Amino acid sequence: MDSARPHERPTAFDRMLTPVHRWIWKNSDRRVQKLFRFGETETDGGRDILRAAEITSDPLLRRLYLEHAIDEFRHGVLFRHRAAELLKVSLSGSNNGFQGDWLTPGGHGLDDLQVDGESDSDMLAFLHLSEKAAASRFTVYRDVMKHDPPTRAIFEEILHDETFHMNYTLTQLTRVEPTRHKHHLWRARFSRLWKTYLRLATGLAGILGSILLTIQYFVLLLPFAWLAKRAARRERSGWTMVSPGQSNSLDRQY
Ligand SMILES: [Fe+2]
Ligand SMILES: [Fe+2]
């Protein structure tokens, strides 16, 4: 698909995270993991948009959704192929280190898509914001990928499609809801904001949980170990005589 407008500029938040993105993408193992995950997200998103094409009663939207789904499937294939190429040349195999997914999710945001039960206008508003977020992130990813020209070229190519998706969904939303399209956009924005909060909170909870468990390990385990050793030292070794008053237990269970 051709883009109707120039590429979207990255948001201030994505620009601010550029050093983090650069650090994450610099490591080839992390790059492979992320590209595989992006491939999955794009393919899943394509499947959901295909479902949207099935259930919409608007013929123009059906055609656009079908073309959109084909684009997303192709993005998935591009990401997976590139990840496989990188994996072949990777010497150390896979490494499950820090991926920062809660900070920089699968690029697209289409993984949050709920197709069934959504109206065309809600679907278009959600898709527009997801594609806008994808265009913003992929711009940053392309810019930090100077050290890997083939991967950079893939981001450049996909960015072209995401910009088209971002534009056609807004145009169609305005056609379907000429007066209330802004209302639908705000509703979708709040929904995305809430999901972003949940993702960040889950990520932070994971980090805080790890820190607290590490502190507990070193702070609580040492005194317990010391108390256990002291109790063990006080124990007499070998058999211990029982006083006669306590030895009449043979005629009952306890
Ligand atoms: Fe895509
Ligand atoms: Fe897209």
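Atoms within each ligand, like the ligands themselves, are counted from 1 in listed order. Nothing here was measured: the structure is a model prediction, and the numbers come from that model.
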Exercise. Among the N, O or S atoms that His75 has, which is closest to the Fe ion (ligand 1)?
Worked result: ND1
Problem set entry | Salt-bridge contact Lys88-Glu85 (side-chain N to carboxylate O under 4.0 Å) | no
For this session: Write the atom name of the N, O or S atom in Glu42 that is nearest the Fe ion (ligand 1).
Result: OE1
Problem set entry | Metal proximity, Glu162 vs the Fe ion (ligand 2), N/O/S cut-off 2.8 Å | yes
Exercise. Which residues pass the ring-ring contact (aromatic ring centres under 6.0 Å, His included) test with Tyr65, sequence neighbours left out?
Worked result: none
Problem set entry | Glu131 atom (N/O/S) at minimal separation from the Fe ion (ligand 2) | OE1
Exercise. Within Glu72, is some N, O or S atom less than 2.8 Å away from the Fe ion (ligand 2)?
Worked result: yes
For this session: Verify the distance test for His165 against the Fe ion (ligand 2): any N/O/S atom under 2.8 Å, yes or no.
Result: yes
Problem set entry | Between Glu177 and His183, a side-chain donor and acceptor under 3.5 Å | no
For this session: Examine distances only and state if a side-chain atom of Arg31 and a backbone atom of Trp25 form a donor-acceptor pair shorter than 3.5 Å.
Result: yes
Exercise. Which side chain to side chain donor-acceptor pair (under 3.5 Å) pairs, counting each pair once, include a residue from residues 208-225, with sequence neighbours left out?
Worked result: none
